[in-house]
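Note that the coordinates shown come from a computational prediction; the quantities given were computed from them, not determined experimentally.
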Amino acid sequence: MFPSSLLQCFLSVSVIMGVCFCFKLVEGGCSRNPVIFNMGDSNSDTGGIYSGLGIVMQPPEGRAFFHTFAGRLCDGRLILDFLCENLSMNYLTPYLESLGPNFTNGANFAISGSKTLPRYEPFSLGVQSRQFFRFQTRCIELISKGFKGLVGEGDFKTALYMIDIGQNDLVGPFSYLPYPQAIEKIPTFIAEIKFAILSIYQHGGKKFWVHSTGPLGCLPQQVATTSKNGSDIDQYGCLQSRNDGAREFNKQLKALCEDLRDEIKDVTIVYVDIFSIKYDLIANSTLYGFENPLMACCGYGGPPYNFDPKFECTAPGSSACEDGSKYISWDGVHYTEAANAFVASRILSTDYSTPPLKFDFFCNP
């Protein structure tokens, strides 16, 4: 079990500017060993980019909690880390970790930069799925030979399968295609997510937790590097077209989850509206104790965005803000630990989940 004081702060009571904001305290608990398998991109990568590609980031990455680079593109913990804390389980070990891995609570297949397409290009969702199938086969084989510390055959059937991907799929098309043509690509991304869910189902998975993508148009990277006109800027300074693209992706993703529930009767698929949580955080940042919602804590250039693609976080010449807990964006693309804690608290409330199941539903009868 890991300390989660930051999460508890958001889950219980926050006093901001003399006003008390109460958040529902949700305590998670499992009657059996919780097992989670996660697939996704940098939003949930707990070290895959480090273990798989040997990429080591310099300080200030990881400064807020781990006090060193911990394989995460963040100053501390990710949303996934806080969700694991809620269940008093270990942080998920990257599948590609070769030295001292701990797979007793599952494995993380997410790799920074991952997309849904091309299907078998490292480290797409399709590749992550195939890695999971190998992991499953090897676990069953090795346990039969007496190996310990792995996932048992029965645990694969009761495990939670999390999918958090899509942001990188949208960034590419919107960078070189007109809006209508970029939107036309979304069904192909959704089809890959469907393929992954059905493939995992065929391998015994029956409990899925699917995150929508966030407000792409509110990332400092996007607003700082995109040619824009006044008509494409919303009331909070975000790119309306980018956010509309994310909304369309999420609309189709939610519809997919609904269709699969009807198509496969013995599965549970929870869709979580991450977009609404993050957009609310940006729109009401001051109320939640944050400052400069569209400005990166770690970057180059100063206000209004502190983002320059030639001087990204940790690059020579870049610098980090003094107090990351007041910022939503860590490096222009990824959220700070403080923002991740807020998002996790909202996820655990079940108010943004369809159906509104508690996060620990999969590890209780």
Side-chain angles (χ1 to χ4, degrees), residues 37-45 48-49 79-80 108-133 161-202 205 208-219 221-222 226 238-264 267 269-279 333-334 352 354:
F37 296 106
N38 180 74
M39 299 175 189
D41 52 32
S42 57
N43 290 313
S44 59
D45 180 359
I49 190 173
I79 294 169
L80 177 61
N108 192 1
F109 299 86
I111 300 282
S112 298
S114 293
K115 300 182 292 184
T116 64
L117 289 170
R119 179 176 292 179
Y120 296 128
E121 178 180 285
F123 286 94
S124 68
L125 180 59
V127 169
Q128 292 178 32
S129 298
R130 294 174 79 173
Q131 290 175 324
F132 164 72
F133 303 146
Y161 295 87
M162 298 182 66
I163 296 178
D164 187 345
I165 201 165
Q167 180 172 309
N168 295 319
D169 289 284
L170 293 174
V171 168
F174 273 108
S175 67
Y176 65 87
L177 290 175
Y179 180 83
Q181 291 176 257
I183 292 297
E184 289 176 357
K185 290 188 172 294
I186 291 177
T188 63
F189 309 149
I190 301 300
E192 290 303 305
I193 296 175
K194 178 179 182 179
F195 180 78
I197 292 176
L198 290 177
S199 296
I200 294 170
Y201 171 73
Q202 291 170 357
F208 297 87
W209 189 273
V210 181
H211 285 185
S212 74
T213 197
L216 182 64
C218 297
L219 297 178
Q221 175 212 50
Q222 292 294 303
T226 302
C238 304
L239 293 171
Q240 184 70 46
S241 58
R242 295 290 198 275
N243 281 347
D244 286 345
R247 289 187 180 96
E248 179 58 31
F249 175 90
N250 294 335
K251 176 183 176 182
Q252 294 186 32
L253 181 62
K254 186 176 184 179
L256 168 66
C257 293
E258 293 171 350
D259 291 344
L260 288 176
R261 289 190 206 104
D262 293 335
E263 182 180 333
I264 314 171
V267 301
I269 302 176
V270 178
Y271 169 87
V272 185
D273 185 4
I274 299 296
F275 184 101
S276 291
I277 297 174
K278 290 185 173 180
Y279 195 64
V333 177
H334 309 97
Y352 297 85
T354 306

Listed by chain and number, what are the ring-ring contact (aromatic ring centres under 6.0 Å, His included) partners of [X], not counting sequence neighbours?
X	answer
Phe249	none
Tyr201	none
Phe133	His203

Results of side-chain hydrogen bond (donor to acceptor under 3.5 Å, both in side chains) for [X] - residues two or more places apart only:
X	result
Asp244	Gln240, Arg247
Asp273	Ser276
Arg261	none

Closest approach of [X] and [Y], non-hydrogen atoms and distance?
X	Y	answer
Thr213	Ala246	CG2-CB, 3.8 Å
His334	Ser42	NE2-OG, 2.7 Å
Phe275	Pro215	CE1-CA, 3.3 Å

Could you walk me through whether Met39 and Ile165 pass the side-chain contact (heavy atoms from CB on, under 4.5 Å) test, one step at a time? CA-CA 8 Å; Met39 299 175 189; Ile165 201 165; over 6 Å; no
Which of parallel (below 30°), tilted (30 to 60°) and perpendicular (above 60°) describes Phe208 and Tyr161? tilted
Geometric class of the Phe132/Phe109 ring pair [parallel <30°, tilted 30-60°, perpendicular >60°]: perpendicular
Residues forming a side-chain contact (heavy atoms from CB on, under 4.5 Å) with Lys254, sequence neighbours excluded: Glu258, Tyr271, Thr354
Residues that Asp164 engages under side-chain contact (heavy atoms from CB on, under 4.5 Å), provided they are two or more places apart: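 With sequence neighbours excluded, Asp164 shows a side-chain contact (heavy atoms from CB on, under 4.5 Å) to Asn43, Ser44, His211, given in chain and number order.
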Roughly how far, to the nearest 0.5 Å, is [atom2] of [Y] from [atom1] of [X]?
X	Y	atom1	atom2	answer
Asp41	Ile111	CG	CD1	10.5 Å
Leu239	Thr226	CG	OG1	5.0 Å
Gln222	Cys238	CD	SG	11.0 Å
Ile163	Trp209	CD1	CH2	13.5 Å
Leu198	Leu260	CG	CG	5.5 Å
Gln131	Phe123	CD	CZ	6.0 Å

Would a 4.5 Å heavy-atom cut-off, applied to side chains only, mark Gln167 and Leu219 as touching? yes
Going by side chain to side chain donor-acceptor pair (under 3.5 Å), name the pairs with one or both residues in residues 111-122, residues two or more places apart or in two chains.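 Counting only pairs at least two positions apart or across chains, the side chain to side chain donor-acceptor pair (under 3.5 Å) contacts touching residues 111-122 are Asp45-Ser112, Ser114-Gln128, Thr116-Asp169, Arg119-Glu192.
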Got a list of side-chain donor-acceptor pairs under 3.5 Å for residues 175-191, not counting sequence neighbours?
{"unit_1": "Ser175", "atom_1": "OG", "unit_2": "Gly172", "atom_2": "O", "d": "2.5"}
{"unit_1": "Thr188", "atom_1": "OG1", "unit_2": "Lys185", "atom_2": "O", "d": "2.5"}

